[in-house]
Number of protein chains: 2
Amino acid sequence: MPQRSDRPAESQDLRKAGLKVTHPRMRILDLLGTTEKKHLTAEEVYRELLDQGDDIALATVYRVLNQFESAGIVCRHHFEGGQSVYELAQEGHHDHMVCMETGKVIEFESPEIEQLQEQIAAEHGYEIADHSLVLYVRPLKR
Amino acid sequence: MPQRSDRPAESQDLRKAGLKVTHPRMRILDLLGTTEKKHLTAEEVYRELLDQGDDIALATVYRVLNQFESAGIVCRHHFEGGQSVYELAQEGHHDHMVCMETGKVIEFESPEIEQLQEQIAAEHGYEIADHSLVLYVRPLKR
DNA sequence: TTGGGTGCAAATTGTTTGCAATTGT
DNA sequence: ACAATTGCAAACAATTTGCACCCAA
């Protein structure tokens, strides 16, 4: 049973971001910190909350996720397929690999790639503000 | 005046893809091969055509771009900001850098990064089907 | 108490689709 | 001639927003 972070979701996390501690926000923060699937769409968050008995509007889910993103509490990704997916922000940056057969999302870090990126940007007279790297993969047949 | 490719857009390109040579298709193919801006949204293609005096429906632009993508004639990218952008397909794969101040799109290739990607995927038991790398950058101040 | 937060429904935005008319081949 | 293609408007999907009510501080 994976646990997202070392410490559970705290109301502190919200206060620190200047957000009132409300039921919807706590439930969403909590959900993101404890689900099996770490990467969820707004729709999925909404459904999950319904299943848990909470009655939170989809619009609120979107609003809260946006606020969380601005506050740096969650990261939003645009994988192929229309919907954005959200995940709890982690320590260091990491990239993603999405299995095209199962939809599974695998995280990975590659300092080497990050460094090459910096270097390439610099060669063009730029510095990196943000970046997005997604590998769409298939299981190796054997 | 940059020219996209060595040879101009040909009706052959369409026939080869099993597509009838129609006016809308030729105009769009032509446009993509000659605009200053190589990366355009469907909207931009539409407006550009209007400015050129052509009267082609937006729906047709979308349909044609989709067909071109399936045919491998264009590549579609999902940069930040909702709309998809399309560009004429090139020889080898390349990645993009988007300037957050000007919106300018710069292409680059990095065999080193590609290789690292392959390696990382393999380490996880996968092979890469496709990938997307976008650097969101800012001009270096000096 | 009171300004931020929420639910609901309506509005937006980007893109796709049904269908009748039109056009390549 | 006939199937493929287009234009138009309506349909869609994801996300945002206006507003009256509600609640955390």
Side-chain angles (χ1 to χ4, degrees), chain A residues 9-31 39-50 52-71 73-86 103, chain B residues 9-31 39-50 52-71 73-86 103:
Chain A
E10 297 284 357
S11 44
Q12 307 311 129
D13 298 315
L14 296 180
R15 290 224 174 70
K16 208 180 308 172
L19 297 170
K20 274 190 187 175
V21 179
T22 66
H23 178 68
R25 288 181 182 149
M26 279 307 283
R27 302 306 292 120
I28 292 175
L29 186 52
D30 217 44
L31 172 64
H39 303 78
L40 303 173
T41 64
E43 224 22 84
E44 289 171 330
V45 168
Y46 174 65
R47 297 226 168 292
E48 198 63 40
L49 291 173
L50 284 191
Q52 292 184 14
D54 289 297
D55 192 10
I56 297 171
L58 178 56
T60 299
V61 173
Y62 274 108
R63 267 186 297 231
V64 170
L65 288 174
N66 281 336
Q67 296 158 341
F68 282 8
E69 191 195 7
S70 308
I73 297 173
V74 307
C75 287
R76 178 187 201 157
H77 303 288
H78 306 280
F79 299 159
E80 298 278 326
Q83 292 107 301
S84 298
V85 305
Y86 303 82
Chain B
E10 297 283 358
S11 44
Q12 307 309 131
D13 298 315
L14 295 180
R15 290 224 173 67
K16 207 181 308 170
L19 296 170
K20 276 190 183 174
V21 179
T22 66
H23 178 69
R25 285 179 183 150
M26 279 308 283
R27 302 305 292 119
I28 292 174
L29 186 52
D30 218 43
L31 173 63
H39 303 79
L40 302 173
T41 64
E43 234 6 271
E44 289 172 330
V45 169
Y46 174 64
R47 297 225 168 292
E48 200 63 40
L49 291 174
L50 283 192
Q52 291 184 15
D54 288 297
D55 192 11
I56 297 171
L58 178 56
T60 300
V61 172
Y62 273 109
R63 265 186 297 231
V64 170
L65 287 174
N66 281 337
Q67 295 159 342
F68 282 7
E69 191 195 7
S70 307
I73 297 174
V74 308
C75 287
R76 177 188 203 159
H77 304 289
H78 306 281
F79 297 160
E80 297 279 327
Q83 291 107 299
S84 298
V85 305
Y86 302 81

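Quick note on labels: first sequence line is chain A, next is B, and so on, each numbered from 1.
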Side chain to side chain contact (heavy atoms under 4.5 Å, CB included) evaluation trace for B:F68 with B:L14: CA-CA 9 Å; B:F68 282 7; B:L14 295 180; 3.5 Å; yes
Pair B:L40-B:V85, side chain to side chain contact (heavy atoms under 4.5 Å, CB included): steps then yes or no: CA-CA 5 Å; B:L40 302 173; B:V85 305; over 6 Å; no
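Every side-chain hydrogen bond (donor to acceptor under 3.5 Å, both in side chains) that A:Q67 has, sequence neighbours left out, goes to A:R25. Remark: B:E80 pairs with A:H78, B:Y136 by the side-chain contact (heavy atoms from CB on, under 4.5 Å) rule, at least two apart or across chains. Residues passing the side-chain hydrogen bond (donor to acceptor under 3.5 Å, both in side chains) test with A:E69: none are found, sequence neighbours excluded. Residues forming a side-chain hydrogen bond (donor to acceptor under 3.5 Å, both in side chains) with A:D54 (at least two apart in sequence, or on another chain): A:H23, A:R27. Partners of A:S70 according to the side-chain contact (heavy atoms from CB on, under 4.5 Å) rule, which considers only residues two or more places apart in sequence or in another chain, do not exist here.
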What donor-acceptor contacts under 3.5 angstrom involve side-chain atoms of residues 59-66 of chain A, with partners at least two apart or in another chain?
from  : atom 1 : to    : atom 2 : distance (Å)
A:N66 : OD1    : A:R76 : NH1    : 3.3
A:N66 : ND2    : A:Y62 : O      : 3.4

Nucleotide pairing, DNA chain D (Watson-Crick or G-U, distances under 3.5 Å), in dot-bracket with [ ] and |: ||||||||||||||.||||||||||
Under 4.0 Å protein heavy-atom contacts per nucleotide of nucleotides 15-25 of chain D, with B for base, S for backbone only and - for none: BBBB-----BS
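Between atom NZ of residue A:K20 and atom OG of residue A:S11 there is a gap of 15.0 Å, rounded to the nearest 0.5 Å.
In this entry the distance linking NE2 of B:H78 with P of D:dA14 reads 14 Å, nearest Å.
Between chain A and DNA chain C, the heavy-atom contact criterion of under 4.0 Å yields a 5' to 3' nucleotide range of C:dG3 to C:dA9.
Applying the salt bridge (charged side-chain N to carboxylate O under 4.0 Å, His left out) rule to pairs touching residues 39-49 of chain B yields B:K37-B:E44, B:E43-B:R47, sequence neighbours excluded.
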